Every structure is written in C-alpha cells, then in structure tokens.
A.B. asks: 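Sharing a structure with you now.
What you see is a predicted model; the values in this text were computed from it and never measured. For this chain, numbers begin at 1 and follow the sequence in order. The analysis underlying the following values was restricted to heavy atoms, covering all of them including side chains, and did not include hydrogens, waters or symmetry mates.
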Amino acid sequence: MASSNILKNVEESFSIPLPEIKRIMERFHREMEKGLAGERSSLKMIPAYVDRPTGKEKGKFIALDLGGTNFRILELELKGGGRMSEPKAMSFVLYKKHITGRAEDFFGFISNCVKTFLRKRKISAGQKRSLGFTFSFPIRQTAIASGSLINWTKGFSAKGVVGEDVVRLLRISLLRHRIHNIEISALANDTVGTLAAKSYEDKACDTGVILGTGTNACYVEEMSKIRKWHGFRSKDAHMIINIEWGNFNKLKQNSYDRELDERSYNPGQQILEKMVSGMYLGEVVRLVLVDFIEKQLLFKGVESPILRKGHSFKSQDVSLVESDDSKGLRNIEFLLNKLNISRSTPEERMLVKKICEIVSTRAARISATAIVSVVTKMDPKVSRRHTVAIDGSVYEKHPHFAKRMHDCLQEILGKKASRIKMVLAKDGSGKGAAVIAAVAAATS
Ligand code: GLC
C-alpha cells in the first residue's frame, strides 16, 4: 500500500466525526445516570460531600496537592469577597520508590515534606492550621474528610493503600512525625479543587477539569438526582460529583489503543485517559511511529532502540513537535537525534508532525465531547452560561490543544458554544483544597 494510503487509514482510525461525537455523548449521559444510581458503570460518579464555596470563606489554610508528577504544599489566605492571597508554595518530586513502595514510606515522605514546609514558612508547633488534602485518585468518599482509595491510577502503586482511608493514613503518619498542629479538615479530588478554586471567584463556574498526567472532571449536581445518595437531602441542595471520566470506556479503540492498553499495568481500565492524558499521548504517538518504521515508511526502516522502549516519547515531545514551525523542522530533527535517529528528511519530519497532530487532535476532540456531555447533563439546552475551569499540563502547554477543543465545542453546539467559557485555572487543584478546607471549617 502506498504511504499516503496508510497515513489516510491511520488518520481515519483516529478521527471522531460529528455523528460519532453525538453517539459518545449519549453513552456518556447513560453512564453518568447509571453511576449516579449506584449501578455498574464505567463512570464512578463519586459524591464529594461538598458544595461550591460561597466566596465568603476566610482564614489561613494549608493545602497538600498530590496526584501528579510533582507533589506540592501551599499556604494561602482566603480574604472573603471571592479574593485570595497568592499562595506560598513548595514543590517536591515524587520518585518511583515513593509511589511504588510501602504505604508507610509513601506517607512518611509526605509528612517529612510537611515538616520542611512548616519550618520554611515559620509556622510554629503552637500555630494550628486546617489542611485541605487534594488526593487525585478514585476515592470512595464517606465524609468531607475521609475516604478510601478504590484503585490507583497514573502508575502509582504504593502497597497497603487501596481500601484504606487515606486521611487516616496521613493523620497517623503526621503524628508519628510529631506534627500535632495540623488538622486535616477536607479531602478532595484535584478536579473538585479546581472547581472550588475557580467558583470561589466566579459564580458561573460549575465544572472542573484536569487535562494533565491524568484526566478527569467534576460538576455540580442536584442532590435529588444523585439516586445512590441515602444521606440527608435538603431541598434545592447541590453536591459536587467527581465523575472519574478517565475510566469512560465507550470509545472506539484502534489497534494502537489496544496495544497500549494491553501493555499497560491496568488493562481494560482508564480507557479515555489512555487516549487523552499526558501520561499516554506520547506513547500513542510512539506506537504509530514504530509501526511506520516497521512498514519502511519512515527513516528507511532503520530502527531506533530508544524508540522501541515504552514511554520514550513523552507528551512534552508531542508539544515540541507541534510547535516546530521552523523551515526544515529543525527542532523535530533535534528531537529525533536524541532518539538516535540521526538521518531524517524534511518530508519525514513533516510526517512525524502530522502523526502528532492526528493523535492530539483526537485527544482534544474527546475532551471537548466529554465537557459538552457534562454541561448538557446539568443544562440540556445550554440555556445558561457555564464556566469550565481547566488545569493541567496538556491543556496549558500543548500549543494547539485549547484551540482544537474550542473548535470542536463550536462544531457540536454552534452558536451556543459561546455560553461555555473554558478557562485555565492554574494551580486550581492546590488552591481549591484550601478553599474546601475553608468550606468544611465553615460548615462544621
Ligand atoms: C486520574 C485519577 C483522577 C484524577 C485524574 C487527574 O484519572 O483517577 O482521580 O482526577 O487522574 O489527575
């Protein structure tokens, strides 16, 4: 088969035309309903035990933001009137040994970081602080400040945490490290944090999205529609629902998706995440590149042992490739050199760029489709304005991701697309944990 035909086939296997988008939206709604009813569904629809903040919350809070490549601790002051101070933050790197070792060591590392932070911020043992804990994994929440881990995602696998209350584990660890002045008053998913942080200042914000190492979203649901909720329900009350959309599995997988899934540590799970998020975007591209090399369509079939290795092509590389508008595509050439591909023609580099575009465009279209599904769950005719707060490296750093999402939104909704405002909510997950700690403090 001629190379242009093969490229066309690949392009087709990654395309999501409008009728397919509509089909996905229907299935997304069905899975949401099932999840809310407590029936078997790929969408867990987890009640977050918290509504949006009022914007009036005040006080100094600490937030602990854990769930991506970096782990952050921050302190910030909520001033009321929707205003907050710039957070004072410290970042720590989570190494493989932390995320794949024992629970004790995992939480021990976090406690040591908290100790360092308190020392650095000169918060003495006598000064009490409430802490909001953003833990960005599927948690079966049982109260605002407790919940057990359902399963790990994003390559984390510390032993002895699944099924356990992560707040309890952190509390025990803090005490073991002689930290007595920190009260963990809220546990939140990063999407919930992002929504809380943005809605503190913008009342129209009702959806929080993460497009980073992993992907997920939360939104504001009417309590009466959360059929599996058996707790107290006041009339007109709302609660934030963590969708865990990364696990949505009603999407058509092509041969590359299936290969990636089969080789992953969690086959059959996080199917949407594997097509969209930063942990996997580069890997999908890598599998297509290897296939093209094997078919002698790239680099004269000369293999790169580096590229043969899983996850050697990163999502940052996808961004770099798609940002290269130089004559001769020199940045792509430089990247290929690093991958031990020392000879490439401008046409081949163009083909690499095209492959990245195909893969990341699908990711952006799936993201937009999922967002429209969530908004139309709350407001089927999109008759009001909605702010969608988005945080994460893929949305922030990829040169065309946001624009492609926007274009797709318009394709689906036409003029009504202008009622959905997608905004970057930088560091939302961390700031939001502090906001939720404040909501918890105000309602306790
Ligand atoms: C994964 C986690 C989810 C989190 C998302 C973004 O999908 O399961 O809880 O929100 O990553 O970090």
A.B. asks: Under 3.5 Å, which donor-acceptor pairs do the side chains of residues 329-344 form with other protein atoms, sequence neighbours left out?
C.D. replies:
from	atom 1	to	atom 2	distance (Å)
Arg330	NH1	Glu333	OE1	2.6
Ser344	OG	Arg349	NH1	2.9

A.B. asks: Does Asp202 have any salt bridge (charged side-chain N to carboxylate O under 4.0 Å, His left out) partners at least two apart in sequence or in another chain, and if so, which?
C.D. replies: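 So Asp202 forms no salt bridge (charged side-chain N to carboxylate O under 4.0 Å, His left out) with any residue.
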A.B. asks: Quick test of your reading of the model: are Arg23 and Glu20 salt-bridged, counting only N-O distances below 4.0 Å?
C.D. replies: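 Result for this pair is yes, salt bridge flagged.
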A.B. asks: Return yes when atom OH of Tyr95 has more than 12 non-hydrogen atoms of other residues, nucleotides or ligands closer than 6.0 Å, and no otherwise.
C.D. replies: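 Atom OH in Tyr95 is not packed in, count stays at 12 or less.
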A.B. asks: For the side chain of Asn216 and the backbone of Trp245, is there at least one donor-acceptor N/O pair under 3.5 Å apart?
C.D. replies: yes
A.B. asks: Please enumerate all residues that pass salt bridge (charged side-chain N to carboxylate O under 4.0 Å, His left out) together with Glu244, with sequence neighbours excluded.
C.D. replies: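 Applying salt bridge (charged side-chain N to carboxylate O under 4.0 Å, His left out) to Glu244 gives none.
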A.B. asks: Out of Asp325, Asp324, Asp317, which residue meets the salt bridge (Lys or Arg N to Asp or Glu O under 4.0 Å) rule with Lys353?
C.D. replies: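 Answer to the salt bridge (Lys or Arg N to Asp or Glu O under 4.0 Å) test with Lys353 among Asp325, Asp324, Asp317: Asp325.
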A.B. asks: Supply the atom-to-atom distance Leu424 CG to Ile390 CD1, rounded to the nearest 0.5 angstrom.
C.D. replies: 8.0 Å
A.B. asks: Taking Gln410 for its side chain and Ala417 for its backbone only, find out whether a donor-acceptor pair lies under 3.5 Å.
C.D. replies: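 No; zero donor-acceptor contacts below 3.5 Å.
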A.B. asks: Could you check whether any side-chain N or O of Ser373 sits under 3.5 Å from a backbone N or O of Thr369, counting only pairs where one atom can act as donor and the other as acceptor?
C.D. replies: yes
A.B. asks: Do Lys228 side-chain atoms and Met45 backbone N/O form a donor-acceptor pair below 3.5 Å?
C.D. replies: yes
A.B. asks: Could you check if a side-chain atom of Met25 sits within less than 4.5 angstrom of a side-chain atom of Ile412, using non-hydrogen atoms only?
C.D. replies: yes
A.B. asks: Between Asp105 and Lys159, is there a salt bridge with N-O shorter than 4.0 Å?
C.D. replies: no
A.B. asks: Contact between Leu7 and Ile358 at the side-chain level, heavy atoms closer than 4.5 Å - yes or no?
C.D. replies: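 A side-chain contact exists here, since the closest heavy-atom pair is under 4.5 Å.
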A.B. asks: Considering residues at least two apart in sequence or located in another chain, which fulfil the side chain to side chain donor-acceptor pair (under 3.5 Å) criterion with Glu273?
C.D. replies: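 Expected list: Gln270.
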A.B. asks: Would you say Lys203 has more than 12 foreign heavy atoms packed within less than 6.0 Å of its NZ?
C.D. replies: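 For Lys203, atom NZ is crowded (more than 12 foreign heavy atoms under 6.0 Å).
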A.B. asks: Applying salt bridge (charged side-chain N to carboxylate O under 4.0 Å, His left out), name anything that partners Lys295, two or more places apart in sequence or on another chain.
C.D. replies: Asp291
A.B. asks: Listing request: all ring pair (Phe, Tyr, Trp, His ring centres under 6.0 Å) pairs with a residue in residues 135-168, at least two apart in sequence or in separate chains.
C.D. replies: Phe106-Trp152, Phe133-Phe135, Phe135-Phe137, Phe135-Trp152, Phe137-Trp152, Phe137-Phe156, Trp152-Phe156
A.B. asks: Among residues at least two apart in sequence or on other chains, which ones pass ring-ring contact (aromatic ring centres under 6.0 Å, His included) with Phe109?
C.D. replies: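 Phe109 satisfies ring-ring contact (aromatic ring centres under 6.0 Å, His included) with His98 only.
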A.B. asks: In Å, rounded to the nearest 0.5 Å, how long is the span from SG of Cys113 to CD1 of Ile73?
C.D. replies: 5.5 Å
A.B. asks: Let's go through Leu187 and Tyr49 carefully: what are the C-alpha distance in whole Å and the side-chain angles of both, what is the deciding distance for side-chain contact (heavy atoms from CB on, under 4.5 Å) to 0.1 Å, and is it a yes or a no?
C.D. replies: CA-CA 9 Å; Leu187 171 67; Tyr49 284 76; over 6 Å; no
A.B. asks: Arg52 side chain to Ser199 main-chain N or O, any donor-acceptor pair under 3.5 Å?
C.D. replies: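 No: the side chain of Arg52 does not pair with the backbone of Ser199.
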A.B. asks: Tell me whether Arg140 at atom CZ has more than 12 heavy atoms from other residues, nucleotides or ligands lying less than 6.0 Å away.
C.D. replies: no
A.B. asks: Salt bridge (charged side-chain N to carboxylate O under 4.0 Å, His left out) with Asp51: which residues, sequence neighbours excluded?
C.D. replies: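 Per chain and number, Asp51 pairs via salt bridge (charged side-chain N to carboxylate O under 4.0 Å, His left out) with no residue.
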A.B. asks: Among all residues two or more places apart in sequence or in another chain, which pass the ring-ring contact (aromatic ring centres under 6.0 Å, His included) test with Tyr280?
C.D. replies: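 Testing Tyr280 for ring-ring contact (aromatic ring centres under 6.0 Å, His included), a comparison that skips the adjacent residues, returns none.
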A.B. asks: What pairs of residues pass the ring pair (Phe, Tyr, Trp, His ring centres under 6.0 Å) test when at least one of them lies in residues 391-419, not counting sequence neighbours?
C.D. replies: His398-Phe401
A.B. asks: Taking the side chain as every heavy atom from C-beta outward, state whether Asn151 and Pro138 have any pair of such atoms under 4.5 Å apart.
C.D. replies: yes
A.B. asks: Which residues satisfy the side chain to side chain donor-acceptor pair (under 3.5 Å) test with Arg263, sequence neighbours excluded?
C.D. replies: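 Expected list: Glu259.
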A.B. asks: For the residue pair Arg404 / Ser360, report whether a side-chain donor-acceptor contact shorter than 3.5 Å exists.
C.D. replies: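 Yes, Arg404 and Ser360 have a side-chain donor paired with an acceptor closer than 3.5 Å.
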A.B. asks: Is any side-chain N of the basic residue among Lys274 and Asp261 closer than 4.0 Å to the acidic one's carboxylate O?
C.D. replies: yes
A.B. asks: Looking at Glu294 and Arg308, does any basic side-chain N land under 4.0 Å from a carboxylate oxygen?
C.D. replies: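 A salt bridge links Glu294 with Arg308.
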A.B. asks: Using distance only, find each side-chain donor-acceptor pair of residues 191-198 under 3.5 Å and give its atom names and separation, not counting sequence neighbours.
C.D. replies:
from	atom 1	to	atom 2	distance (Å)
Thr191	OG1	Asn189	OD1	2.6
Thr194	OG1	Asp190	O	2.8
Lys198	NZ	Glu201	OE2	2.8

